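Take a look at the structure set out below.
These figures come from a predicted structure and were not determined experimentally.
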Amino acid sequence: MLEARSLSVAYGPSVAVAAVSLALDPGKITGLAGESGSGKTTLALSLAGYPIPGSVVTGGRVLFGGRGLHGLSPRALRELWGPGIAYLPQDASTALNPALRISGQLLEALRAHGRPGSDAAELIERVGLRDPEVVLRRYPHELSGGEQQRVALALAIACDPDVLLLDEPTTGLDRVTQARVVGLVETLTRELQTATLLVSHDLPLLATVCDQLYVMYQGEIVEHGSAGDVLGNPKHPHTVALVEARPARSPRAAAQEAPILSVDGLRCAYGPAVVFDDISFALATRHALGVAGESGSGKTTLLRAIAGLIRPAGGEITLAGRPLTTDRSRADRQAIQIVFQNPDSTLNPRHTVMTALNRPLVLFRDDVPRAGRRDEAARTLERLELSARLLDRLPRELSAGQRQRVAIARALIARPQVLLCDEITSALDRSVQAVVIDLLSGLRSELAIVFVSHDRALLDDFTDEIVELDA
């Protein structure tokens with residue numbers, strides 16, 4: 001149905017995809033794995049015929065039903081996208097228009113390709129969202145990250161495409177919702193004979209649903225075969241590393257000290273809709289608290305309240321025994337830093353990495369002279385295994401995993417006392433996830449961490465105790 005033949009794509013002198021050949025067959029799910037920055041997203045976008053800004057196809061071609069895609073006019077591509085090829089980006093917010101209600105976005109896609117608008121509610125139900133009529137009336141910012149991801153998936157499958165390209169479609173979803181989404185993709189693929197590409201860093205997930213698996217490393221396909229063979233008997237050293245990668249279990253903290261952060265009877269609501277009520281916990285330095293719960297249960301809202309970004313409807317938050325309000329001092333803002341699940345919504349697309357890291361240095365780090373800020377930024381990146389060469393790049397010139405680590409670096413460079421982490425490893429492959437978790441484990445001697453994740457195994461390994469939120 002869709003085929004790449006010796007496809008090569010470059011960004012200036014940097015080669016992102018190097019002579020890749022890959023075929024997607026009707027009724028089959030093809031997996032694509034690889035570490036952050038290996039070229040997976042560039043390959044997926046190129047398979048859709050999308051002219052990526054700043055990129056050049058330097059060799060090879062992509063064929064859809066025997067027809068070459070690159071060089072087609074914008075009008076021809078618009079007619080093709082939807083019923084022919086559908087692409088779901090890793091960051092759902094880039095697929096959703098913030099100025100339109102969900103109903104308007106689905107209706108626009110359906111009507112553009114002659115589909116009845118009555119299908120909108122059915123699409124919302126197909127991706128496992130409750131109360132479809134309520135969801136359809138909302139704007140994207142009124143949904144959780146997992147809910148946005150499922151709405152974006154609904155957009156992708158709206159026209160029952162021949163080819164479905166899914167870039168990390170389960171990122172940020174709890175296990176129950178993840179299983180529902182994967183089941184939907186599998187059903188769509190088998191029943192409608194869709195040719196599906198599933199990009200993921202979750203190798204166990206790929207092993208359970210994929211018919212064949214490609215492993216990508218530094219722009220090249222280094223291993224290919226049935227999913228069972230590739231994961232059960234990996235041959236390339238990079239595949240072996242991906243299979244074996246796992247964050248080390250963090251040492252448990254010693255006896256409880258005086259809490260640096262306390263939450264007592266916290267209640268948050270959006271208008272009349274109560275998100276959660278009566279949440280209480282205490283957290284000391286060198287301790288990590290896990291927060292679990294289904295998508296939409298209020299995990300992100302809890303972190304935003306602690307960070308002072310929203311006003312709670314009730315309860316109290318204290319830092320080292322001092323009550324906090326949403327009107328916080330410079331020291332209080334430095335003390336509590338948050339890393340959001342989606343770095344694309346928090347990194348200014350027009351600012352370089354250095355500009356992003358310089359902001360907290362200017363605001364909070366009087367100990368770093370102006371002449372030393374670049375060196376401090378470089379050291380912080382290197383702790384996250386990122387090259388100092390990235391300092392002069394824009395977010396769009398980084399992979400999703402690199403952008404997430406830059407967002408983590410921006411929080412850490414402020415030297416906070418409490419670090420709030422909202423699904424910060426969900427977009428990372430297992431090897432990079434291990435790097436980030438090992439780094440945070442090393443920082444626990446100087447930090448208290450609130451760690452939101454849908455990965456219960458990771459929470460069990462990394463945190464001292466877990467708060468479970470009900471949807």
Side-chain angles (χ1 to χ4, degrees), residues 3-22 32-63 68-74 77 81 85 87 89-91 94-95 165 167-168 197 199 201 214-222 238 342-358 374-375 377-378 380-382 384-410 427-429 431-432:
E3 182 181 10
R5 294 182 181 176
S6 299
L7 181 67
S8 296
V9 182
Y11 296 90
S14 177
V15 177
V17 175
V20 166
S21 294
L22 176 149
L32 179 63
E35 67 179 1
S36 175
S38 60
K40 303 188 299 296
T41 295
T42 296
L43 175 58
L45 284 168
S46 298
L47 289 173
Y50 180 73
I52 309 169
S55 75
V56 177
V57 177
T58 58
R61 53 182 176 158
V62 175
L63 302 175
L69 291 186
H70 295 120
L72 290 181
S73 68
L77 287 171
W81 291 333
I85 301 175
Y87 173 77
Q90 178 175 337
D91 171 18
T94 64
L165 307 174
D167 193 353
E168 300 279 7
L197 177 71
V199 179
H201 61 270
Y214 291 82
V215 179
M216 203 167 183
Y217 179 63
Q218 293 185 350
E220 300 180 356
I221 299 297
V222 296
H238 178 64
N342 174 19
D344 289 335
S345 65
T346 57
L347 294 176
N348 190 318
R350 296 184 179 183
H351 287 175
T352 64
V353 172
M354 182 61 223
T355 302
L357 298 184
N358 189 60
R374 188 176 181 88
D375 289 339
T380 304
L381 288 184
E382 287 166 2
L384 287 159
E385 296 197 0
L386 291 175
S387 170
R389 294 194 299 270
L390 300 184
L391 286 172
D392 297 315
R393 293 190 183 178
L394 295 169
R396 63 178 173 80
E397 298 175 303
L398 308 178
S399 71
Q402 288 171 330
R403 289 195 294 271
Q404 184 64 289
R405 281 181 281 172
V406 168
I408 296 170
R410 183 177 56 183
L428 305 179
D429 61 82
S431 58
V432 178

[atom2] on [Y] to [atom1] on [X], rounded to 0.5 Å:
X      : Y      : atom1 : atom2 : value
Ile221 : Leu43  : CD1   : CG    : 6.5 Å
Leu77  : Leu72  : CG    : CG    : 5.0 Å
Thr42  : Asp167 : OG1   : CG    : 9.5 Å
Leu398 : Gln404 : CG    : CD    : 12.0 Å
Thr346 : Arg403 : OG1   : CZ    : 10.5 Å
Leu390 : Glu397 : CG    : CD    : 9.5 Å

Under 3.5 Å, side chain of [X] to main-chain N/O of [Y], donor-acceptor pair present?
X     : Y     : result
Trp81 : Gly49 : no
Lys40 : Glu35 : yes
Ser6  : Ala19 : no

Note, [X] side chain near [Y] side chain (heavy atom, < 4.5 Å):
X      : Y      : answer
His70  : Val9   : no
Gln402 : Val353 : no
Thr41  : Val199 : no

Between [X] and [Y], which heavy-atom pair has the shortest distance, and what is it?
X      : Y      : result
Asn348 : Pro395 : O-CG, 3.5 Å
Ala16  : Met216 : O-CE, 4.3 Å
Pro349 : Leu394 : O-CD2, 3.8 Å
Ala95  : Pro89  : CB-CG, 3.7 Å
Leu381 : Ala409 : CD2-CB, 4.1 Å
Ala44  : Leu197 : CB-CD2, 4.4 Å

Assess whether side chain to side chain contact (heavy atoms under 4.5 Å, CB included) is satisfied between Val57 and Val62, documenting all intermediate values. CA-CA 10 Å; Val57 177; Val62 175; over 6 Å; no
By the side chain to side chain donor-acceptor pair (under 3.5 Å) test, which pairs, at least two apart or in different chains, include something from residues 384-395?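 For residues 384-395: Arg374-Asp392.
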Let's go through Tyr11 and Ile52 carefully: what are the C-alpha distance in whole Å and the side-chain angles of both, what is the deciding distance for side chain to side chain contact (heavy atoms under 4.5 Å, CB included) to 0.1 Å, and is it a yes or a no? CA-CA 9 Å; Tyr11 296 90; Ile52 309 169; 3.5 Å; yes
Considering residues at least two apart in sequence or located in another chain, which fulfil the ring pair (Phe, Tyr, Trp, His ring centres under 6.0 Å) criterion with Tyr217?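 For Tyr217, the residues satisfying ring pair (Phe, Tyr, Trp, His ring centres under 6.0 Å) (neighbours in sequence not counted) are His238.
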Can you list the steps and then say if Val17 with Ser46 is a side chain to side chain contact (heavy atoms under 4.5 Å, CB included)? CA-CA 10 Å; Val17 175; Ser46 298; 5.5 Å; no
Going by side chain to side chain contact (heavy atoms under 4.5 Å, CB included), Leu391 matches just one of Leu357, Thr355, Thr352. Which one?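 Going through Leu357, Thr355, Thr352 one by one, the side chain to side chain contact (heavy atoms under 4.5 Å, CB included) with Leu391 is satisfied by Leu357 alone.
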